[in-house]
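See structure below.
Letters A, B, ... mirror the listed sequences (proteins, then strands); counts begin at 1. Quick note: numbers below take in every heavy atom, side chains included, and nothing from hydrogens, waters or symmetry partners.
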2 protein chains.
Amino acid sequence: MRNASPTLKAIAAHLGVSVTTVSRSLSGQGARYRISEKTQGAVRRLARRLDFSPNPLARGLRLKKTATVGLIIPDVSNPFFARIAHCVTIAARDHHHSVLLADSQEQTRLEIDSIDALLRRQVDGLILCPVGIADAHLRSLVRGPVPVILVDRHFPRLALPSVTSDNVGGARAATSHLLAAGHRRIGVLQGLPETSTNRDRLTGYRSALAGRGVRTDPRLVAGDTFLEDSGYRAARRLLRTRPRPTALFALGNLIALGALRAIAEAGLRIPGDISLVAFDDHPYADHLAPPVTTVAQDADALGRIAAGALFSRVRAQSLNSSQRHVVPTRLVSRGSVQPVSRASIQQQEKP
Amino acid sequence: MRNASPTLKAIAAHLGVSVTTVSRSLSGQGARYRISEKTQGAVRRLARRLDFSPNPLARGLRLKKTATVGLIIPDVSNPFFARIAHCVTIAARDHHHSVLLADSQEQTRLEIDSIDALLRRQVDGLILCPVGIADAHLRSLVRGPVPVILVDRHFPRLALPSVTSDNVGGARAATSHLLAAGHRRIGVLQGLPETSTNRDRLTGYRSALAGRGVRTDPRLVAGDTFLEDSGYRAARRLLRTRPRPTALFALGNLIALGALRAIAEAGLRIPGDISLVAFDDHPYADHLAPPVTTVAQDADALGRIAAGALFSRVRAQSLNSSQRHVVPTRLVSRGSVQPVSRASIQQQEKP
DNA sequence: ATGGCAGGCACAAACGATTGTGCAAGCCTG
DNA sequence: CAGGCTTGCACAATCGTTTGTGCCTGCCAT
C-alpha cells in the first residue's frame, strides 16, 4: 500500500505524453481541451493500475484548497466534545475531507495558537468550540479566509454562525420539573459564568422560577467552572446554607459528578434528602444510585449539523452569514427528583 | 490574524534581495552561506514585523515532511480512546506538529482507507489503534515510509512497535481478587475474541484460575464484541446458566454497562446476589449502585508513551523496531465484590 | 600586473500539481 | 492552392519553499 504514489510526470513519461494531458484526462477536463478518447483511456487505465492519486500538498499549493477542515475543541477527553469530534470526523469522511484536530485545553491562549496553526495550514473550514469568554481573537474570523462554525458556545456580538443546544429551554424544563415536584429552594451549580452556555442555562432557570412566581435568590447560585472540582465546592457550599436547598441543578456533567461526591460526603441521600437534576446525559446515568434525571443534549446533532453547515459553506464558497442553529434538548426523568413534603415547603416559605 | 501570511518573495522584494537570501537568513543557514549579519538582521526584522511563517504546504512539498502526525482510532466518542486522542494532540503540540484525526468506526475497511488517506497526506508518523483482527493491511506499514505505533491492540506477528496495557496482569489481578473472595464460578463477558486485548485478558483470567487450581469452564465465557449490547446479551446468557456464576468479569467498559443492565433486569443485586469486576475505570464508577470494582487502564500513559515513542522515531528518522511497551494497570477495589458464603461454595463444587 | 581566495549574494532547479495559451498537422472550402 | 478551421496535444508559468552551485567584487600576495 502506498509505496510513494506515482506522479503525473511518471505517468506522462510512461505514455509518452505531457503532464498536462495526464492531468486533464484524470480531472475530467479531457473533453474541454480536446484530448482524444484513446489517449484519455490509456491515461486512465495506467493511472488506475498504478493507483495514482494526486499529491494533496502540491494540489493544495496550487489550488489553495486542501480538502481539510480544522476542529478545535476545549478537551477531546470530555465525552460531550468527543461525541462532537466523532460526528465531525465522520461527516468529513463523507465529504472526502480530512480533519485536523486541536485540543485547546480550555485555554484561550492555546485556542488562539490552534486557530493560527490551522489557518496557516490552509484548512478549508473551521469548526470551533470556543473555550470561553474572550472573543477578541475571533473577530478576525468573521471576515477571515475560511468559513467558521461555532459549536456549543456562541458569541451574540459576533457575526459567526453557531450551533448550540437549546440551553435556555433545557434549563427551564429541568427547573420546571423541580418546581412541579414542589421544590422552591433550588440551588444552581453553575459553570464558567460569562459563557453563553452558562448564561443561557441560568436564564432558563430564572425564567422557570419567574413563571411560577418564585423569587430568585442569588445566594443559591454557586460555582465558577464546568469542572468537577467546581461542582464539588459549589455543592458543598450550597449544602451548608440554611435553610438548605431541597434540590440542586448542576449545569454540566462534570459539575454533577462533583455534586454527587459532595452530597455523598455530606451523608445525604438522593432523592430523600435532596433532589438533583443535571445538564448532560451520559450512559451511566441509568445506573447511578439513584439514576439521575438529566437534560440530555444531542451532541450527535450538534456535530452533524455543524459539519453540515460547514461543508455547505465550503462548497458554496460562501462565508459567514451569522446564522444560529439551536438544537432541542430532552429531559430524561429518572429517580433523582422527589416531591417535597408539604411541611418542608412551608418551612421554606417562612424565612 | 493571518490575513494571508506574506511569502518569501514578498519579503525579498521589500528588501531588494533574493528569496534565497531570505530563506537562508530565516532558517539559520545564514552563516553557512555567508549572508552578512546586516542583511540577516534586516530580513529577520521584517519577517517578524510581517508575522511571516513559511507556507506548510510548500514546505512539505519540498521537504517531504509535513510536521503532521496521523491518529487513527476506532471511535473517538469512546472515553478510553478519547483520552488517548487528548494526550496525543497535546504531545503533538509540544512537538510543533499537527494531528490528522481519523475515526475508523470499528471497521477494517475504513481503517484501511484512513491509513491510505493519511499516508497520502504525507504524515510524518502514525499512531494507530487497530480495530481488530485483520492485520494484512498493516503488513506494508512495517517497512513503510513513516514510523507507526500501535496502541491498545498489538499484533504479535507484526514487527510494529506497540503500547498496550498490561491486560494479562490486570485480568489476573481482577480474577485473583474474585478468587480471594471465594468465587469459583466466574463468568467472563468477553469482547472481540481474536483481538490481542481480549486474548490477553482471557489469558490473565485463566492464569489466575490455574494458580488456584480451579478448572476453567468454557461455558463461562460469553460475548463477541466490546460493545454494550454484546455485554448485555452475554450477561443475560451467563445469568441463566445453572449453577449461576457467583461473579462476572466484564472485559470492557461498555460491556460492563450492558452487564449492569442485564443484572438489573434479572432482578439481581450487586454484590449480594452476584459480584462484578470490570475492565476500564471511569469517573462514574464511584457513584454507581454499588460502586464497581474495576481494572483501571492508564489511558493517559498509553497516549503519552505512544506519542513519545512516535516523536522520538520521527526525530531520529528511525523506523519500526518492534519494541513493545506495556503499561501497568491498577485494581480499584470498590463495593461490587462480596465474599461468597461457604454454603454456596460447596454447592458450586459439587456438580 | 596577475592569480588566488574569500565574502556576499543570486540563479535556477527541484517538489507535484493546475491551467491559459500556443502550435503543428490535417482537413475542408472557395 | 491559399486560407481557415478543427483536432490534439505541449509549453511554460504558477503556487511557496529549499538548496546546490555559480558569479561577481574586492583584497591580498607574488
Side-chain angles (χ1 to χ4, degrees), chain A residues 2-44 46-47 50-68 119-122 124 145, chain B residues 2-44 46-47 50-68 119-122 124 145:
Chain A
R2 204 121 303 286
N3 261 334
S5 165
T7 65
L8 286 186
K9 187 149 71 167
I11 296 187
H14 255 251
L15 260 51
V17 300
S18 75
V19 291
T20 308
T21 299
V22 178
S23 172
R24 292 194 164 127
S25 300
L26 294 178
S27 66
Q29 306 260 1
R32 280 191 56 212
Y33 290 97
R34 299 185 305 251
I35 313 295
S36 68
E37 271 309 326
K38 194 165 64 119
T39 306
Q40 293 200 47
V43 168
R44 281 199 268 260
L46 185 56
L50 298 183
D51 188 27
F52 169 83
S53 103
N55 181 318
L57 269 61
R59 207 152 194 282
L61 185 59
R62 178 70 227 252
L63 260 16
K64 289 170 175 344
K65 293 188 151 283
T66 53
T68 286
L119 290 185
R120 262 192 232 293
R121 285 188 185 277
Q122 289 170 252
D124 294 341
Chain B
R2 206 118 306 285
N3 260 336
S5 166
T7 65
L8 287 185
K9 187 149 70 168
I11 296 186
H14 255 250
L15 260 50
V17 299
S18 75
V19 291
T20 309
T21 299
V22 178
S23 172
R24 291 195 164 126
S25 300
L26 294 178
S27 66
Q29 306 261 2
R32 280 191 55 213
Y33 290 96
R34 298 185 305 250
I35 314 294
S36 68
E37 271 309 326
K38 194 163 65 114
T39 306
Q40 292 200 48
V43 168
R44 281 199 269 260
L46 185 56
L50 299 182
D51 188 27
F52 169 83
S53 102
N55 181 318
L57 269 60
R59 206 150 196 282
L61 185 59
R62 179 69 228 250
L63 260 17
K64 285 162 178 348
K65 290 187 151 287
T66 52
T68 287
L119 291 185
R120 264 193 230 292
R121 284 189 186 278
Q122 289 170 250
D124 294 340

How do B/Q40 and A/Q29 order along DNA chain C: which one's closest nucleotide is nearer the 5' end?
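Final value for this comparison: B/Q40.
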
Considering only heavy atoms and no angle criterion, is a donor-acceptor pair shorter than 3.5 Å present between the side chain of [X] and the base of [N]?
{"X": "A/S18", "N": "D/dC11", "value": "no"}
{"X": "A/T7", "N": "C/dA17", "value": "no"}
{"X": "A/R24", "N": "C/dG20", "value": "yes"}
{"X": "B/T39", "N": "C/dC9", "value": "no"}

Of the nucleotides [options], which has the atom closest to the [X] side chain?
{"X": "A/S36", "options": "D/dG20, D/dC9, C/dG16", "answer": "D/dC9"}
{"X": "A/N55", "options": "C/dG16, D/dA10, C/dA10", "answer": "C/dG16"}
{"X": "A/S23", "options": "C/dT19, C/dA12, C/dC9", "answer": "C/dT19"}
{"X": "B/Y33", "options": "D/dC15, C/dC15, D/dT21", "answer": "D/dT21"}
{"X": "A/L63", "options": "C/dT19, C/dG16, C/dA17", "answer": "C/dT19"}

Under 4.0 Å, heavy atoms only, any strand: does B/G30 hit a base, just the sugar-phosphate, or nothing?
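No contact.
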
Remember a base hit wins even if backbone is also touched, and classify B/R34 as base, sugar-phosphate or nothing at under 4.0 Å, heavy atoms.
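Base: the residue B/R34, judged by heavy atoms under 4.0 Å, touches a nucleobase.
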
Would you call A/L8 and A/L26 a side-chain contact if the rule is heavy atoms closer than 4.5 Å?
yes

Can a side chain N or O of A/T21 be found less than 4.0 Å away from OP1 or OP2 on D/dA10?
yes

Measuring to OP1 and OP2 of D/dT17, would you say a side-chain N or O of B/K9 lies under 4.0 angstrom away?
no

Quick check: on DNA chain D, is the nucleotide nearest A/A58 upstream (toward 5') of the one nearest B/V19, or the reverse? Name the residue that is more 5'.
A/A58

Decide whether A/T21 and A/S18 meet the rule of one side-chain donor and one side-chain acceptor closer than 3.5 Å.
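Yes, because at least one side-chain N or O of A/T21 sits under 3.5 Å from a partner of the opposite role on A/S18.
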
Please enumerate all residues that pass side chain to side chain donor-acceptor pair (under 3.5 Å) together with A/T68, with sequence neighbours excluded.
B/R121

To the closest 0.5 Å, what do you measure between CZ (B/R44) and CD (B/E37)?
6.0 Å

Testing B/I11, B/I35, B/T39, B/L15 one by one against B/V22 for a side chain to side chain contact (heavy atoms under 4.5 Å, CB included), which residue passes?
B/I11

Protein-nucleotides 24-28 of chain C N/O pairs closer than 3.5 Å?
none

